[in-house]
Student: 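Encoded as structure tokens, here's the structure I'll be asking about.
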Amino acid sequence: MSAFNDYSRKARQLEREIERKGVILGIDWDDAVQVRELARQALDCKLGEGNCEPKDALARSRIELFGLAQLMLTVMKNSANDNILTHGGTAWKAFARALWAEHDVKEHRG
């Protein structure tokens, strides 16, 4: 079935949506501090808990951005499993770097 998956197209679509959410949230993908804070929020987000409630439009956009990141990770994983190299764009790369950095910090703390 992998022959029917267009991972590059999916990644481009997700990148476009990640960029749109970034505009809504006022994210400067070149601001490493701001993107790291967003990554910290993403890793701490647990739906149904107080730290990740869709209480307003900005909170919903932030939660949707976190979902898009999960979808991008899934596309990349599936692509790799099919031995296909798939890249995200600038926004995704900035966010992914920040997510990995924050993940590493959490691993060393816990």
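Residue indices begin at 1 and follow the sequence shown.
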Student: Which atoms form the tightest heavy-atom contact between I63 and C45, and what is the distance?
Tutor: CG1-SG, 4.5 Å
Student: Can you name the residues that form a salt bridge (charged side-chain N to carboxylate O under 4.0 Å, His left out) with E19, not counting sequence neighbours?
Tutor: none
Student: Any sub-3.5 Å donor-acceptor pair from D31's side-chain atoms to V33's backbone N or O?
Tutor: yes
Student: List the atom of A11, the atom of M72, and the distance in Å for their closest heavy-atom pair.
Tutor: O-CE, 3.4 Å
Student: If you apply the rule side chain to side chain contact (heavy atoms under 4.5 Å, CB included), what do you find for W92 with R97, and how did you get there?
Tutor: CA-CA 8 Å; W92 167 249; R97 272 191 301 274; over 6 Å; no
Student: Checking D44 now: which residues fulfil side-chain hydrogen bond (donor to acceptor under 3.5 Å, both in side chains) with it, not counting sequence neighbours?
Tutor: K106
Student: If you take all heavy atoms of G22 and W29, which pair is closest and at what distance?
Tutor: CA-CZ2, 3.9 Å
Student: Locate the shortest heavy-atom distance separating V35 from D28; write the atom from each residue and the value.
Tutor: CG2-O, 3.6 Å
Student: Is a side-chain N or O of H103 found less than 3.5 angstrom from the main chain of L99, in a donor-acceptor match?
Tutor: no
Student: Nearest heavy-atom pair of V75 and L14: which atoms, and what distance?
Tutor: CG2-CD1, 3.8 Å
Student: How close do A42 and F95 get, heavy atom to heavy atom, and via which atoms?
Tutor: CB-CZ, 4.1 Å
Student: L58, I18: one ILVMFWY side-chain cluster at the under-4.5 Å cut-off?
Tutor: yes
Student: Going by salt bridge (charged side-chain N to carboxylate O under 4.0 Å, His left out), name the residues that satisfy it together with R40, two or more places apart in sequence or in a different chain.
Tutor: E37, E102
